[in-house]
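In listed order, ligands and their atoms are each counted from 1.
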Amino acid sequence: MMRLAFIALAAVVSCTFAQPKLDFLSDEYIEQLNSKNLPWKAGRNFERDTSLYDIQRLLSVGTINPPSEFETIFHEDDGEELPEEFDARKQWSKCESIKEIRDQSGCGSCWAVSSASVMSDRICIHSDQKNQLRISAADMIECCESCTLSADGCHGGIPYFTFTEWKDSGFVSGGEYNSTNGCMSYPLPRCNPSCKTLYDAPTCKKECDKGSPLKYEEDKHYAKQAYRIMSKVERQIQLEIIKNGPVVASFTVYADFIHYLSGVYKFDGESKLLGGHAVRIIGWGIENGTYPYWLVSNSWNERWGDQGLFKIWRGKNECGIEEEITAGLPR
Ligand SMILES: *[C@@H]1O[C@H](CO)[C@@H](O)[C@H](O)[C@H]1NC(C)=O
Ligand SMILES: *[C@@H]1O[C@H](CO)[C@@H](O)[C@H](O)[C@H]1NC(C)=O
């Protein structure tokens with residue numbers, strides 16, 4: 001016992017000496033970011049006493065290479081001029097899901113929440129903006145074994161596999177926490193004001209929520225195609241979004257990112273690496289005629305960042321954002 005305590009203490013001390021940098025949740029750290037002349041502003045999104053573990057838990061996306069049989073699509077590109085700005089919320093304004101900002105709660109389910117959002121967006125877009133069905137992120141974190149990195153969907157997953165599974169086995173419908181118009185609603189509450197509870201994914205029961213008139217086995221919705229978009233080719237990503245709707249992207253999160261408030265995010269070049277994250281790209285633009293960006297919706301509640309959204313530098317594969325783009329088409 002004594003021995004253990006001694007070792008733990010020694011480890012903490014050596015850490016402190018090895019890392020003279022500012023604690024990344026301190027006010028000083030945020031002030032320092034704002035003094036760096038970055039094209040974005042930092043502010044407090046997470047409470048001062050949030051633990052590194054809590055934050056890393058939100059960043060649980062697999063970055064393994066997709067299997068070779070995973071299709072990569074290529075859009076014919078005759079070099080036509082693309083719009084300078086594009087926002088899927090305006091392009092398909094009747095599709096409610098595109099406007100939604102989700103909250104993954106204290107669960108490493110970014111991979112499922114972003115995938116379910118993109119699938120829901122595309123079901124609406126490809127039904128002439130009529131079908132408002134939401135695909136259930138709960139079905140992914142609870143029941144999709146092939147999607148997850150470990151057995152537990154709150155400990156990470158891989159967007160490629162959610163789309164493959166959508167095609168092969170389908171997902172049931174289901175909206176946000178406590179919503180009643182689907183089979184499996186999201187099982188975990190929105191963070192209010194922040195997430196102090198970390199959850200494991202509930203056990204898969206292959207049943208719809210109590211009170212739902214739907215039957216799990218009969219409520220599966222499928223894709224006709226699952227694919228990735230050619231890596232690091234900005235125009236291919238744009239053509240895919242214009243033609244088919246929002247896409248899932250994965251990228252590397254550094255400690256500066258969690259403080260994003262507005263502007264065009266660009267890595268400060270020195271903050272600590274925290275993990276991988278999956279998000280939904282819904283458009284692009286050029287801020288003040290100078291800073292090209294992707295418009296991205298995050299899943300950390302609308303209180304985070306710019307009303308739940310952020311902009312990130314476009315065309316330079318910033319933090320790997322243009323590397324792992326995945327999507328599919330509803331059947
Ligand atoms: C664009 O201009 C606005 C208004 O001057 C400013 O607040 C914002 O920081 C600028 N954006 C960037 C990326 O510099
Ligand atoms: C969600 O539903 C449960 C059970 O009906 C209820 O106890 C809880 O208060 C609801 N939560 C919210 C945030 O509406």
Side-chain angles (χ1 to χ4, degrees), residues 30-45 84-87 96 100-107 109 113 116 134 136-139 141-142 154 172-203 205 207-214 234 251 254 256-269 271 281-319 321-322:
I30 294 172
E31 278 164 32
Q32 202 184 63
L33 286 173
N34 281 328
S35 70
K36 283 183 180 173
N37 226 354
L38 296 163
W40 57 279
K41 293 201 170 57
R44 182 161 296 288
N45 287 313
E84 204 165 82
E85 269 188 17
F86 185 84
D87 184 338
E96 294 303 321
E100 282 169 3
I101 298 295
R102 304 225 186 171
D103 187 331
Q104 64 191 77
S105 192
C107 168
S109 59
V113 170
R134 305 295 197 282
S136 170
D139 198 14
I141 63 171
E142 296 175 28
C154 279
V172 298
S173 62
E176 300 235 51
Y177 179 68
N178 275 9
S179 70
T180 52
N181 50 0
C183 168
M184 279 175 84
S185 61
Y186 198 67
L188 309 170
R190 294 176 80 82
C191 301
N192 189 17
S194 62
C195 272
K196 284 286 178 316
T197 314
L198 294 175
Y199 300 94
D200 290 329
T203 315
K205 294 213 254 338
E207 278 171 14
C208 294
D209 298 337
K210 271 204 192 80
S212 168
L214 299 166
E234 181 186 358
F251 71 112
Y254 297 91
D256 58 345
F257 176 78
I258 67 166
H259 301 300
Y260 171 91
L261 273 197
S262 64
V264 180
Y265 174 76
K266 196 170 187 293
F267 176 40
D268 75 348
S271 289
I281 302 185
I282 63 169
W284 64 84
I286 302 186
E287 185 153 304
N288 301 345
T290 310
Y291 305 96
Y293 64 82
W294 295 112
L295 180 62
V296 188
S297 103
N298 200 356
S299 49
W300 294 345
N301 200 307
E302 46 285 270
R303 280 192 315 270
W304 181 88
D306 192 354
Q307 294 171 39
L309 299 150
F310 67 98
K311 293 170 181 167
I312 183 168
W313 200 260
R314 167 168 57 93
K316 294 275 192 284
N317 195 28
E318 188 69 16
C319 300
I321 190 86
E322 284 148 21

- Message: Within this structure, what is the CG-CD distance for the pair Asn301 and Gln104, rounded to the nearest 0.5 Å?
- Response: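 Answer rounded to 0.5 Å: 10.5 Å.
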- In chain order, what residues pass the disulfide bond (SG atoms under 2.5 Å apart) check against Cys319, with sequence neighbours excluded?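 Listed in chain order: nothing, the list is empty.
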- Item | Check against side-chain contact (heavy atoms from CB on, under 4.5 Å), Glu31 and Asn34 | CA-CA 5 Å; Glu31 278 164 32; Asn34 281 328; 5.8 Å; no
- Verdict with reasoning, Val113 to Ile141, per side-chain contact (heavy atoms from CB on, under 4.5 Å): CA-CA 9 Å; Val113 170; Ile141 63 171; over 6 Å; no
- For Thr197, what residues pass the side chain to side chain contact (heavy atoms under 4.5 Å, CB included) criterion, not counting sequence neighbours?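 For Thr197, the residues satisfying side chain to side chain contact (heavy atoms under 4.5 Å, CB included) (neighbours in sequence not counted) are Tyr199.
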- Item | Those protein residues which place at least one heavy atom below 4.0 Å from ligand 2 |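 Close residues (ligand 2, cut-off 4.0 Å): Tyr177, Asn178.
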Side-chain donor-acceptor distances from residues 304-315 under 3.5 Å, at least two apart:
from, atom 1, to, atom 2, distance (Å)
Trp304, NE1, Ile258, O, 3.2
Lys311, NZ, Glu287, OE1, 2.8
Arg314, NE, Tyr293, O, 3.0
Arg314, NH1, Glu234, OE2, 2.7
Arg314, NH2, Gly285, O, 2.8

